[in-house]
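Right, one structure below, let's go through it.
Quick note: residue numbers are just sequence positions, from 1.
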Amino acid sequence: MDHAAHRASGRTDAGHDHVEHAERADRIDRGGRASGASWVTAAKATLHCLTGCAVGEILGMAVGTALLWGNVPTMALAIVLAFVFGYSFTLFAVRRAGLGLKAAVKVALAADTVSIAVMELVDNGIIALVPGAMDAHLSEGLFWASLLGGFVVAFLVTTPVNKWLIGRGRGHAVVHAYH
């Protein structure tokens with residue numbers, strides 16, 4: 001978008017967001033057509049999602065491990081809490097922006113469901129595949145290394161998914177109207 005387009009749209013302030021402008025510019029191909037979300041936008045959306053997932057996941061794994069629960073109930077608790085915290089972070093942000101509760105819940109579900117599901121599938125898959133990780137205790141490095149390693153891999157796998165979703169007006173693109 002050139003500056004003449006800013007003037008034509010009535011946006012003549014010099015304080016416009018250059019990061020937003022640059023991100024929008026890298027989604028326009030040479031023919032002037034939209035080409036999808038930028039990697040920066042996708043990474044930010046994935047990091048937002050990962051934050052909520054990590055809080056829930058760590059809490060669930062820590063509680064289940066501390067209570068000496070089996071692998072299945074511990075993982076189930078971690079997944080449920082990852083969804084709860086992931087949705088809650090988005091819900092809080094869109095409610096703060098003035099959206100009513102019912103509309104905010106719809107936005108959070110639309111924005112985060114696929115991202116959280118992919119992240120949880122990958123993260124828990126990594127933890128399940130690391131020998132001994134599910135039997136490790138909170139005081140062991142293996143517990144934390146497999147959990148954090150799972151987050152890294154989940155971030156790397158989920159970012160392209162979010163890029164694809166945002167480029168089609170889905171996923172975190174739904175939330176951007178309320179930022």
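The distance from the CG atom of L91 to the CZ atom of F85 is 13.0 Å, given to the nearest 0.5 Å. Note that the CG atom of L138 and the CZ atom of F143 stand 5.0 Å from one another [nearest 0.5 Å]. Going from atom NE2 of H172 over to atom CG of L165 covers 9.0 Å, rounded to the nearest 0.5 Å. Atom CG of L47 is separated from atom OG1 of T158 by 11.5 Å, given to the nearest 0.5 angstrom. To the nearest 0.5 Å, atom CZ of residue F151 and atom CG of residue D123 are 5.0 Å apart.
Residues L142 and V153 are members of one and the same hydrophobic cluster, defined by side-chain heavy-atom contacts under 4.5 angstrom among Ile, Leu, Val, Met, Phe, Trp and Tyr. When hydrophobic clusters are built by joining Ile, Leu, Val, Met, Phe, Trp and Tyr residues whose side-chain heavy atoms come closer than 4.5 Å, directly or via intermediates, V80 is not grouped with L147. Under a hydrophobic clustering in which Ile, Leu, Val, Met, Phe, Trp and Tyr are joined whenever their side-chain heavy atoms come within less than 4.5 Å, directly or via other members, F92 and L50 fall into different clusters. No continuous path of ILVMFWY side-chain contacts below 4.5 Å connects I126 to L129, so the two sit in separate hydrophobic clusters. Under the 4.5 Å side-chain contact rule for hydrophobic residues, V94 and L109 do not share a cluster.
Here the side chains of L121 and V118 are not in contact, with every heavy-atom distance at 4.5 Å or above. Contact of the P160 side chain with the W39 side chain is registered, since non-hydrogen atoms from C-beta on lie closer than 4.5 Å.
Closest approach of A42 to I166, counting heavy atoms only: CA-CD1, 4.2 Å.
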Could you pull out all donor-acceptor pairs under 3.5 Å where a side-chain atom in residues 55-79 meets a protein atom, sequence neighbours excluded?
from : atom 1 : to  : atom 2 : distance (Å)
T65  : OG1    : M61 : O      : 2.7
T74  : OG1    : G70 : O      : 2.8

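At least one donor-acceptor pair under 3.5 Å links the side chain of K163 to the backbone N or O of A37. Using modelled atom types, one side-chain atom of N124 and one backbone atom of E120 make a donor-acceptor pair closer than 3.5 Å.
The side-chain hydrogen bond (donor to acceptor under 3.5 Å, both in side chains) contacts involving residues 128-152 comprise nothing, where partners must be two or more places apart or lie in separate chains. Applying the side-chain hydrogen bond (donor to acceptor under 3.5 Å, both in side chains) test to residues at least two apart or on different chains, the pairs with a partner in residues 85-97 are H48-T90, Y87-T113, T90-D112.
Other residues, nucleotides and ligands contribute more than 12 heavy atoms inside 6.0 Å of the CZ atom of R168.
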(message) Set out, in order, the CA-CA distance, both residues' side-chain angles and the distance that settles side-chain contact (heavy atoms from CB on, under 4.5 Å) for M119 and T46, then state yes or no.
(response) CA-CA 9 Å; M119 200 163 290; T46 305; 3.7 Å; yes

